Each structure stands twice: as structure tokens, then as C-alpha cells.
**Q** 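Could you have a look at this structure, given as C-alpha cells, before my questions?
Lettering follows sequence order; numbering is per chain, from 1. For the numbers below, each heavy atom of this structure counts, side chains included, while hydrogens, waters and symmetry mates do not. Bear in mind the structure is a predicted one, so any value in this text is a computation, not a measurement.
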Number of protein chains: 2
Amino acid sequence: MEDLTRKISELSKRRGFFSQTAEAYGGVAGFQTFGPEGAELKRNIENSWRNKFSDSLGHREIEAPTIMPEAVFEASGHLETFDDMIIECPECGTSSRADHIVEDNTGIGEAEGFSTDKIEEIIRENSLKCPNCEEDLSDIPVEDFNLMFKTSIGPGSGQKGYLRPETAQGIFVEFPRFKEYMRNQLPFGITQIGKSYRNEISPRKGLVRVRELTQAELEHFIDPEEDRPPISDVEDIELKLYSREAQNKDKRGEEMTVKEAVEQDVIKSDWIAYYLGLATEWYRSIGVDMERFRFRQHQNDELSHYASDCWDAESQVDGDWIEITGFAYRGCYDLKKHDEYSEEDYTVFKEYDEPIEKKVTEADPDMGFLGPEYGNKAAQIAEKIQEKAKKSPEEFQGETVEAKLENKSFEIPTEKCNFERKTVTKTGEHIIPHVVEPSFGIDRMVYTVLAHAYDEDEVDNEKRTVLRLTEEVAPTEVAVFPLMDKDGLGEKAREIASQLRDEGFSVKYDDTGNIGKRYRRQDEVGTPYCITVDYETLEDDPETVTVRDRDSTEQERVEVSELSEFL
Amino acid sequence: MEDLTRKISELSKRRGFFSQTAEAYGGVAGFQTFGPEGAELKRNIENSWRNKFSDSLGHREIEAPTIMPEAVFEASGHLETFDDMIIECPECGTSSRADHIVEDNTGIGEAEGFSTDKIEEIIRENSLKCPNCEEDLSDIPVEDFNLMFKTSIGPGSGQKGYLRPETAQGIFVEFPRFKEYMRNQLPFGITQIGKSYRNEISPRKGLVRVRELTQAELEHFIDPEEDRPPISDVEDIELKLYSREAQNKDKRGEEMTVKEAVEQDVIKSDWIAYYLGLATEWYRSIGVDMERFRFRQHQNDELSHYASDCWDAESQVDGDWIEITGFAYRGCYDLKKHDEYSEEDYTVFKEYDEPIEKKVTEADPDMGFLGPEYGNKAAQIAEKIQEKAKKSPEEFQGETVEAKLENKSFEIPTEKCNFERKTVTKTGEHIIPHVVEPSFGIDRMVYTVLAHAYDEDEVDNEKRTVLRLTEEVAPTEVAVFPLMDKDGLGEKAREIASQLRDEGFSVKYDDTGNIGKRYRRQDEVGTPYCITVDYETLEDDPETVTVRDRDSTEQERVEVSELSEFL
């Protein structure tokens with residue numbers, strides 16, 4: 001459909017889905033306010049996600065703050081590397097993403113992974129121009145711009161804090177608390193739905209690239225040696241895959257089942273394959289059009305250094321592919337970092353089935369000898385000797401053992417090392433769990449669902465706009481109208497609305513404007529059914545109403561007592 | 001109960017309700033992470049609120065961003081006045097709230113409304129000391145500290161933004177959009193549940209004074225002349241009121257019905273009375289102990305300048321009264337401010353029942369005369385004449401009319417003014433709606449519910465800790481245990497758990513540790529019922545299980561097919 005982006009944006013503003021925030025003050029780029037319909041659609045998508053990816057899997061949801069102290073992002077690496085490349089036009093002052101300028105004006109598809117030097121070179125060689133004023137940007141420096149919003153916690157100069165760029169760190173940093181809560185039993189999953197913030201250089205209009213977004217993230221902590229996903233639950237689900245190989249050979253994507261994808265090694269991690277299967281079921285249920293959908297494997301240069309395999313779910317709107325979910329096998333990267341940087345223990349004690357007898361070698365150097373002999377070097381030498389006893393016990397066979405300290409070498413008499421071979425009993429070991437992470441962008445899901453539900457047809461020779469939302473996510477399941485609000489029709493309609501509400505339906509009552517207008521209004525917000533109470537309703541025994549189907553626009557007379565079953 | 005605060009904090013950490021954020025990095029004051037149980041409790045309270053104060057009343061929920069541009073807070077007044085008084089100890093560097101130092105060390109109950117000068121004077125006269133190091137703070141300046149977290153939007157110096165200190169502004173600023181969505185029909189209510197941020201000078205431990213909080217706010221937009229609340233719905237509800245008069249006369253609070261409170265003028269606004277009634281029902285349903293609860297009326301010097309009547313709901317924990325909700329009649333203050341500061345229209349057009357004939361007077365000064373005569377003053381003079389025609393038509397009876405401009409006076413010939421009296425037909429007028437605002441602090445609700453549910457008793461001669469949470473909010477409604485996970489008991493228990501889940505119950509399955517321990521665990525997270533599957537279950541026909549009641553600890557044998565009805 002032509003201009004779908006514009007149509008969605010107009011419909012969204014008119015019908016209370018979303019619109020730019022603070023337009024009264026000229027608006028602020030990258031921030032959107034969800035109106036009544038949009039907030040309800042978004043909440044339905046979130047609840048559906050919660051049901052599918054948290055409750056049904058036995059995972060547990062938490063809620064961490066959106067502001068986190070600097071130390072967390074030092075450890076996570078965001079402080080150093082969560083950057084985009086920025087170039088500022090010397091003529092008009094517009095800041096742009098330098099990699100986007102390259103992508104938009106050369107044949108290069110993905111420039112995000114390039115170095116700033118390389119981007120500068122490409123801009124110079126191609127004499128690329130400012131997208132706003134056409135000024136030549138050759139020789140203008142390209143710089144890294146950290147995308148985290150910064151703030152200050154507490155009075156005075158305070159403590160540095162950042163608005164989280166992903167919800168995940170709020171889970172990782174509290175892992176010591178959660179593993180205790182879970183009684184140290186792997187695997188377990190922790191989920192979170194909440195706001196994240198990215199100070200985008202050039203936000204786009206609408207919900208695709210915003211500065212404040214909602215993520216739904218699942219961190220599944222597993223023992224990589226023991227834990228396997230219940231892949232048989234999803235093995236027959238068809239996946240639409242666009243593998244690295246297909247991308248590189250310029251081939252189209254292919255369809256195969258989860259089972260085939262694992263067996264043919266198209267997807268390396270069975271955990272990722274499992275979640276691609278579950279996610280496919282979910283996307284269908286909320287109304288993603290599978291003809292405008294694919295899983296795209298990351299290229300090697302796109303891959304975060306810690307992720308061994310990574311796939312994005314992408315939806316197509318107006319010809320553009322939009323990343324809606326990232327599936328990453330993150331290994332032990334995150335927990336290891338926090339284990340190193342913080343004072344707490346991010347490991348899980350893994351008990352062996354049977355205690356293991358283990359031969360160990362160790363040294364306990366005689367400080368009464370080393371101290372007087374080597375002065376302030378003694379402690380470091382002792383440490384080297386202890387390390388060596390563990391790693392190279394064979395070196396303790398001679399008269400002396402060598403300890404190297406920076407550039408100097410010391411020969412320590414073996415007899416002063418108290419070298420020993422012994423057998424210890426180990427009941428288990430501390431391991432750092434691996435993490436499988438499906439990370440969903442909720443705003444982009446809302447946008448995709450709206451775009452894929454959008455349709456235009458003709459009813460009674462008039463053009464109609466209709467959102468073909470699934471019942472799972474539609475803001476309203478049933479709208480109830482009295483033909484007019486008089487002669488008791490209004491009371492009866494309100495009674496029916498309230499009865500359906502009690503039965504768990506999401507119901508709206510509307511008595512303004514003519515019936516045709518009310519149908520159109522509900523069509524535009526995607527309500528599957530409209531019920532009209534008319535004079536026949538009051539006359540009939542048993543009472544009947546008309547039920548109109550959104551998609552076919554056909555009407556049927558149904559007994560009031562059978563409504564909830566009919567719907 | 002002694003030390004309830006400490007006990008709640010310990011239980012919360014042990015059982016996954018909440019704990020300080022980023023303790024691995026030394027923690028950060030004023031930020032708490034909700035663990036699995038706490039997040040679920042909080043979500044249940046939010047959903048219960050949504051049902052009571054949004055859906056049931058036909059109000060609509062929206063979702064605005066948490067970062068808003070500076071212009072919004074310039075208009076709302078937060079930039080200028082959202083301050084606390086801060087004093088910094090010259091000795092130890094501790095920043096404290098100066099008004100709290102006064103309240104804690106003098107007989108003064110409420111010092112928040114005092115000026116900084118007055119606070120300085122009281123500190124000097126009483127030689128008040130630093131609460132941290134006991135240094136004398138006389139002559140140390142007391143300053144205003146703005147509590148909004150500040151950040152910068154976009155690259156470079158960017159645009160100033162603030163984390164919203166209340167969710168309300170996200171509603172007010174978009175009023176032009178919402179009134180259109182509501183087809184300009186008053187009254188209507190817009191609600192929002194979301195994060196707000198206050199950079200507290202001295203946050204307290206726990207959930208009472210945090211820097212990142214969740215609010216549930218309702219802005220009910222009304223026509224003050226036409227719209228009345230359906231007070232008969234709540235008129236018989238007993239309110240626990242602590243009026244301004246009772247406070248000033250040092251009397252205790254009193255109980256009276258909503259109807260009595262309105263009739264006796266204890267509550268000035270019937271809208272506020274209506275919402276106090278609804279809120280009382282709600283507090284009961286989520287487990288607030290009405291023996292530790294009151295509505296306290298604001299003192300005159302506490303009242304925001306725009307609010308004509310304001311009551312706080314307060315709960316008592318460990319002897320301290322905590323504000324959990326504010327009910328304010330805000331008049332037209334908020335919308336009027338945005339109407340003045342922004343480019344958009346915050347009024348609603350109110351159609352008269354019948355068009356009104358109205359006599360008006362107006363002038364249309366002859367610029368062909370004024371221009372040559374008064375040069376660059378002509379336009380201003382014409383404006384003055386037009387104003388005068390509206391307000392003082394009697395002055396157009398003489399030969400000339402006076403127009404004053406700054407200090408100069410001009411006499412304009414009346415015949416050049418084109419003064420006219422005419423009759424116009426008005427079909428309605430633009431009014432600025434009034435706002436009734438109940439504003440709930442969700443974190444404090446969670447804290448109150450935990451504290452009021454906390455109990456200790458003895459079971460089998462052992463001390464037991466139990467949370468007597470209502471079914472409405474308990475994270476888990478039913479826990480299902482197999483006696484042991486063998487001989488098919490585990491399978492049967494999982495089957496029952498899954499069946500109850502399908503029937504809409506919130507269910508946990510647990511098979512670790514002995515049954516006694518599992519009961520204690522569920523008691524501590526407030527689960528009303530535990531179901532145990534034992535060998536009798538498999539033998540009985542029809543199958544039976546034991547159901548244990550949390551509060552009485554009594555067990556009863558129930559047929560599996562009758563479980564959901566029994567619960």
C-alpha cells in the first residue's frame with residue numbers, strides 16, 4: 001500500500017493511537033504519547049507477551065528502576081561503546097548519523113560497524129553532502145556520540161546516573177539476589193517490561209526510532225553444559241529465515257521448520273531456535289503478517305563481540321525492514337563483567353552428581369625466608385610461586401624454582417616453597433551461567449501490528465478504512481450501540497455492555513452520531529464486533545440484537561442470552 | 001508491632017519483594033528493584049486500580065513519555081517552584097532538608113511551607129545541628145533545590161529536558177488532542193499509571209521516599225457549572241476524616257458517611273467527597289487496615305495556591321503517617337497555564353441550550369486617520385480604543401475619546417472611532433474545564449499493603465511469619481505441591497496447577513524441600529491457599545487433595561473436580 005506510513009500516522013492522531021508529544025510547544029523529536037486506543041493496544045500486546053514469554057514458561061517478571069548509577073554501565077560496557085557516529089555540518093549546524101549518510105548515498109548496506117576513520121574516508125572519497133543543506137562534508141570530523149541520557153542523582157554535584165539504554169542491565173546487576181530467590185537452581189528466566197532510553201541523533205517520526213521506548217526482555221540463565229530447551233514443543237513450526245549465507249549470496253530467505261534449521265545447522269544455538277519458534281507463534285497471534293516478516297541472521301561484523309549467534313526478527317512496513325526483536329546467545333559475557341567489576345558473586349554453585357576426588361598441587365612459600373631475603377618484593381614472589389605450583393608443578397623437581405617479576409628473575413630454593421601434591425574432594429564448582437536473550441521492542445511491535453492490520457475497502461460504495469486487528473490485541477472487543485438513546489434503548493444497551501464486561505470482554509458503549517458513523521469509528525480502531533440495540537430488541541421475546549462483523553460488515557440477529565457464546 | 005519497618009525490609013529482601021538497586025556497586029539511595037513477588041504484588045495493585053478508577057468509571061488511560069521538554073515545566077510552574085529547602089553542612093558536607101531539621105528538633109509540625117529566610121532564622125535561634133556530624137548550622141544558608149532530574153535531549157548542547165515529577169503534565173499538555181478524541185464532550189476522565197521522578201535530598205530506605213516512583217493519576221475534566229458526581233453511588237460509605245478543624249483543635253479524627261460529610265460541609269467539594277468514597281472501598285479491597293488509616297485535610301498554608309480543597313489519604317506504619325494519595329480540586333489552573341504558554345487551545349466549546357442574543361459594543365478605528373496622525377503609535381492607539389469600546393462604551397458619548405499609552409494621553413475624535421452598538425447571536429462559549437485529581441503513590445500503596453498484611457503467630461509451637469494479603473492482590477492465589485516429585489505425584493500436581501491456571505487463577509508449583517518448609521515459604525509471600533497432592537490423591541476415586549488455608553492453617557480434603565469452586 002502506498003504511503004502506509006503517512007496513513008498510519010494520520011489515523012493514529014485522529015483516532016487516539018499515538019501522536020508526537022508536546023506539539024503545543026512545537027513537539028520534541030523522538031517522543032510519542034499513546035492516546036486511549038494506542039495505550040490499550042500497547043497494553044494488550046504487553047499482556048500477551050507476558051503470558052507467552054513469562055507466565056507460560058514459568059519465568060518470573062521483575063521491575064528495576066530506569067535510572068542506574070554509572071558503575072553499572074562501566075561494567076556493562078555501555079559507557080565506552082554505546083555510541084553512534086555523528087557528523088555536524090559546519091554550515092547549517094545539523095547533526096547527522098555519519099553511517100546513515102554513507103548508507104543512503106553509496107552502495108554500502110551496513111556501515112554501523114565501520115570505524116570513524118573509515119567513515120571519514122568514505123565521506124571524503126565520495127564528497128558526501130549534508131542531508132539538510134547540501135554542504136560538502138569532506139574533511140569534517142566524524143565522532144562517537146554516546147546514546148545514553150545522562151543525569152545527576154542527589155544534590156550538589158551528585159552521583160552520575162544514566163537512563164538505562166536497555167532493561168536487561170536491571171536484571172543482570174541483581175542476579176545475586178535472583179539466584180538466591182531461585183534457590184541456586186538453573187535454569188531460570190527473569191523477564192521485564194519497561195522503558196528504555198536512547199538519545200538518538202536523528203529520531204524518525206512515528207514509533208520506529210524513538211528516544212524513549214518500551215522493551216520486553218527475557219534473560220534466560222542456563223548451564224550451557226546441562227540445560228537444553230524443550231525444542232520438541234516447537235519443532236514443527238515453520239520459520240522464515242534469511243541466513244547470513246542467503247544475504248551474502250544475494251538469495252532470498254527460505255522457510256524451514258525449527259527442527260530442520262537446527263539439524264541443518266542454519267541456526268547454531270538450539271536455544272535461539274527454540275525462541276524463534278515460540279516467537280513465530282506469538283507474532284501470528286497478535287497479527288503480524290508473515291508475508292511481511294523474516295528472521296535475519298547478523299553478519300559477522302554486526303555481531304556484538306560477546307554474542308556467538310544473533311538473529312533479528314524484522315517486519316516490513318512501506319518497503320522498509322524494521323528490527324522488532326533481537327535474539328542473542330550472550331554467553332557468560334554480562335554476568336562475568338559484573339562479577340569482575342563488583343563486590344558480589346555472580347556465579348552459581350553447581351553440585352556434582354557425585355563428589356569428585358581431584359589431585360591438586362600447591363605451594364605455601366616460607367615468608368620467614370622470603371621476607372628478609374627479598375624485602376618488598378617478597379609478597380609478589382610468593383604469589384608467583386603459588387601460581388606456578390598450580391599450573392607447572394613439573395618445575396618444582398629441581399633445586400630451585402624461577403619466579404619472574406616484571407623484567408627480573410629470582411631463583412627460589414624449592415625447599416622453601418613447601419610444595420605439595422594432594423587429593424581433595426570437590427562437591428561441585430562455581431559456574432557463570434550463560435544467557436539467552438530475546439529482546440522485544442514494544443513500540444515497533446505496536447507500529448507493525450497497526451501497519452499490518454491497516455486496510456481500505458469499499459462498503460456501500462464508500463471508501464472504508466479498517467484495522468483488521470486480532471481479538472488478542474484489539475483495544476475494544478465489542479462495541480454496544482443503542483439505535484438512539486431514547487425509549488429505553490440506551491438503558492438496554494448499557495445493561496448489555498455491562499453484562500458483557502462482567503463476562504470478561506473489553507466493551508465500549510457509544511450513543512453519539514448515526515449508526516453508520518459509529519460503525520466507521522469502530523472499524524478505524526479495529527473493533528471486531530458491534531452490537532446494536534433497536535426497537536426489535538425490546539419487542540422480541542427472547543430479546544435479540546444485531547451483531548455486525550468488522551471484516552465482512554455482515555449483520556446477524558442474535559439472542560441476547562447467547563451473545564457471549566456467539567462472540 | 002515493634003520494628004515493623006525493619007521486619008518488612010528483611011522479609012522483602014529474603015522473599016523477592018524489593019531491595020535496594022545495584023547493591024553490588026554499593027547501592028544507590030532512593031532506588032529500589034522489585035523482585036518477582038514484589039513486581040507481581042505491585043502489578044496486581046495497579047490492575048485493581050485500573051479496574052476501579054479507570055475502566056469501571058468509563059475513563060480512558062493514556063501513556064505519555066517520562067522525559068518532557070522544558071517548556072512544559074515552565075508552564076506548569078515546576079521549574080520555578082518544585083523545590084525543597086536544602087542546607088549543606090560545612091563540616092561533613094552532608095546535604096539535608098532544612099525543613100526536616102526544623103521539624104525534627106523543634107515543636108513545629110509542618111515547616112515545608114515556610115520561607116528559606118524563616119527557616120534560617122529558626123535554625124539560628126535554636127542553634128540546630130547537622131544530623132550527621134552535630135556541627136552547628138546557624139548562619140549556614142538555606143537554599144531552594146529543584147527536585148526535577150535534568151537531562152539533555154539530542155546531540156551537542158541539545159534541548160533541555162526533565163524527567164517528569166508527576167504523570168499529570170503528560171495528560172494536561174495533550175488536552176487539545178484528548179478533547180478532540182472525546183468529541184468535545186465534558187465531563188471525561190483521563191488516567192495514567194507510570195513512573196515519576198523526584199531527586200529527593202534525603203531519600204529514606206525502603207519504598208516510602210524514593211527518587212523513582214510509580215504514580216496512578218486520574219484527571220477528571222469537568223464543567224464546574226454543569227457536572228455533578230454520582231454521589232448517591234457512595235453516599236453511605238463511612239469515611240475516616242481528620243479535618244483541618246480537628247487538627248487545629250488537637251482533636252481526634254471522626255467517622256461520617258460521604259453524605260454527612262457533604263451536608264455538614266466538612267468536605268467542600270462534592271467531587272472530592274465522591275472520590276474519597278470510592279477510594280475507601282478500594283483501600284479495603286486491597287487490604288489497607290482501616291484502623292491505621294485516615295483522610296487528612298490540608299492546612300491552609302499547605303494548600304497549593306491553585307487548589308481550593310485538598311485531602312490526603314494517609315496510612316500508618318510503625319507509628320508514622322505516610323501520604324498514600326492526594327485528592328485535589330485543581331480548578332482550571334493547569335489547563336489555563338498551558339493555554340497561556342502554548343500555541344494551542346485548551347478550552348472546550350460549551351454550546352448553550354438555546355442561542356443567546358447578546359448586546360455588544362465595538363469600535364473599528366479609522367486607520368486612514370490614525371496612521372498619518374500618530375505614526376508608529378497608531379496601531380496601539382487603535383487597540384486601546386477597541387478595548388475601551390467593549391469595556392467603557394459610555395466614554396464614546398463625547399466629542400473625543402481618550403487613549404492612554406504608557407504615560408501619554410491622546411484625544412481621538414469619536415467620529416473616527418466608528419463606534420457601534422449591535423446585537424449578536426451566541427451559540428455557546430469557550431470554557432476552561434476544571435480538574436479533579438486523585439493521585440495515588442503506588443510504591444507507598446505496596447508498602448502499606450505489605451505492612452498491614454504482616455503478622456506473626458505460632459503454628460505447632462513454632463513462630464510463623466505470615467502476610468495476610470487479600471486475594472485481590474496476593475502474588476499467588478494458589479500454590480500446588482506434590483508430596484514428593486515421584487511416583488506420578490509431580491505429574492498430577494503439575495496437571496492440577498495447569499488446570500487451575502487455565503481457569504484464571506494465579507498459580508505456583510513447588511516441589512522443593514519438605515511440605516512444612518513449602519507452607520512457610522507461601523505464608524511469607526501471602527499465598528491464601530496451598531494444595532498438596534499425596535498418595536491418597538492417586539488412590540481416591542474421585543481424586544482428592546488437601547487444601548490448606550493460610551490464615552487458619554487448617555487443612556481440608558477436597559475433590560479435584562470441585563477445586564475451583566472451593567477456592
**Q** Taking C-beta and beyond as the side chain, do A:Q20 and B:R177 meet within less than 4.5 Å on heavy atoms?
**A** no
**Q** We want to know whether A:Y197 and B:T66 form a side-chain donor-acceptor pair, criterion being a heavy-atom distance below 3.5 angstrom.
**A** yes
**Q** Looking at B:E88, B:E200, B:Q32, which one has more heavy-atom pairs under 4.5 Å with chain A than the rest?
**A** B:Q32
**Q** Identify which of B:R14, B:E180, B:R183, B:Q185 forms the greatest number of heavy-atom pairs closer than 4.5 Å to chain A.
**A** B:R183
**Q** Answer yes or no: are there more than 12 heavy-atom neighbours, outside A:E503 itself, under 6.0 Å from its atom CD?
**A** yes
**Q** With a 4.5 angstrom heavy-atom cut-off, could you sort out which part of A:E74 is near chain B: side chain, backbone, both or neither?
**A** neither
**Q** Determine whether the side chains of A:E37 and B:Y181 contain a donor N or O and an acceptor N or O closer than 3.5 Å.
**A** yes
**Q** Need one label for A:Q192: side chain, backbone, both or neither, based on atoms under 4.5 Å from any heavy atom in chain B.
**A** neither
**Q** Taking every heavy-atom pair that is under 4.5 Å apart, which of B:R211, B:R43, B:M68 has the most such pairs with chain A?
**A** B:R43
**Q** Looking at every non-hydrogen atom in both residues, tell me the closest pair between B:E63 and A:T214 and how far apart they are.
**A** OE2-OG1, 3.9 Å
**Q** Could you tell me which portion of A:S19 (side chain, backbone, both or neither) has an atom closer than 4.5 angstrom to a non-hydrogen atom of chain B?
**A** side chain
**Q** Might you point out which heavy atoms bring A:T21 and B:P65 nearest each other, and give the distance in Å?
**A** OG1-CG, 3.1 Å
**Q** Considering non-hydrogen atoms only, spot the tightest contact between A:N199 and B:G154 and give its length.
**A** OD1-N, 2.7 Å
**Q** Checking B:R521 against chain A: side chain, backbone, both or neither under 4.5 Å from a heavy atom?
**A** side chain
**Q** What part of B:E343 gets within 4.5 angstrom of chain A, counting heavy atoms only: side chain, backbone, both, or neither?
**A** both
**Q** Name the option with the most non-hydrogen atom pairs under 4.5 Å to chain A; the candidates are B:T151, B:V173, B:L147.
**A** B:T151
**Q** Which atom names give the shortest non-hydrogen contact between A:F145 and B:P155, and what distance separates them?
**A** CZ-CA, 3.5 Å
**Q** Give, as side chain, backbone, both or neither, the part of A:E40 having an atom under 4.5 angstrom from any heavy atom of chain B.
**A** side chain
